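All values derive from a computational prediction rather than experimental measurement. Hydrogens, waters and symmetry mates play no part in the numbers below; they use all other heavy atoms, side chains included.
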Amino acid sequence: MGTYEKFIAIDYGIKRVGLAICNTETQFVFPLCTLDRSVKKTFFENFSRILDEQKPTAFVLGLPFHENGSPCITTNQVKNFAASLARRYPLPIYFMEELLSSFEAEQDMRSYGVSAKKIKEKVDQEASVRILESFLRSPKKIVYTPETVSQIIKEK
């Protein structure tokens, strides 16, 4: 059996963070969970527990932009979050440009008849599935190591 990488995708949000997972051997992407961000310490404790269980080799972080390609408020928040990840975890961070992943996930779930309550619980992790699937299909992959992630903060 060959070696493969295991990615955790992150759909960052102010209130919630959606996670999805896959390995490069199968490239099947699965929603993992949604973490509450209201208490930073608790968020990172739960996030670290998931990393201990899943043992990923890299993060794929959705990097949102406006429809015209310009940065939005969340773009800088995601960059700051990436810097926080880099300080805490010695894993490469890939960025996947995204637009409306949460909106599309919500629309799809609604079209499948999912209740509003379930949509709220699951939309962030479904958005992270979209981010990771896009990343796997994309020929352009931008990676930052923990040592170089500070460069993205300077690009604000």
Once side chain to side chain donor-acceptor pair (under 3.5 Å) is applied, do any residues pair with [X], and if so which ones, sequence neighbours excluded?
| X | answer |
| --- | --- |
| T57 | none |
| T74 | none |
| Q54 | K6 |
| S84 | R88 |

### Message
Quick check on I73: does its CD1 atom have over 12 non-hydrogen neighbours (other residues, nucleotides or ligands) under 6.0 Å away?
### Response
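Atom CD1 in I73 is not crowded, with 12 or fewer foreign heavy atoms closer than 6.0 Å.
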### Query
Angle class for the F43/F47 ring planes (parallel below 30°, perpendicular above 60°, tilted otherwise)?
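Judged by the thresholds at 30° and 60°, the geometry between F43 and F47 is parallel.
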### Query
Taking the side chain from T75 and the backbone from P64, do they hold a donor-acceptor pair closer than 3.5 Å?
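Yes; at least one donor-acceptor contact below 3.5 Å.
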### Task
Can you sort out the partners of Y12 under ring pair (Phe, Tyr, Trp, His ring centres under 6.0 Å), two or more places apart, ordered by chain and number?
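Y12 satisfies ring pair (Phe, Tyr, Trp, His ring centres under 6.0 Å) with F81 once adjacent residues are dropped.
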### Query
Looking at residues at least two apart in the chain, or sitting in another chain, which of them share a salt bridge (Lys or Arg N to Asp or Glu O under 4.0 Å) with R16?
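With sequence neighbours excluded, R16 shows a salt bridge (Lys or Arg N to Asp or Glu O under 4.0 Å) to D124, given in chain and number order.
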### Query
Sequence neighbours excluded, which residues qualify as side-chain contact (heavy atoms from CB on, under 4.5 Å) partners of S48?
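S48: side-chain contact (heavy atoms from CB on, under 4.5 Å) contacts with Y89.
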### Message
If the condition is side-chain contact (heavy atoms from CB on, under 4.5 Å), which residues does K15 pass it with, not counting sequence neighbours?
### Response
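side-chain contact (heavy atoms from CB on, under 4.5 Å) check on K15 returns nothing, list empty.
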### salt bridge (Lys or Arg N to Asp or Glu O under 4.0 Å) pairs, two or more places apart, involving residues 27-43
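The answer is K41-E45.
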### Query
Is there any salt bridge (Lys or Arg N to Asp or Glu O under 4.0 Å) pair reaching into residues 49-66, and which pairs are they, with sequence neighbours excluded?
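Residue pairs passing salt bridge (Lys or Arg N to Asp or Glu O under 4.0 Å), neighbours aside: R49-E53.
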#### Entry: Considering all heavy atoms, the nearest S70-N68 contact
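Closest approach of S70 to N68: OG-OD1, 2.7 Å.
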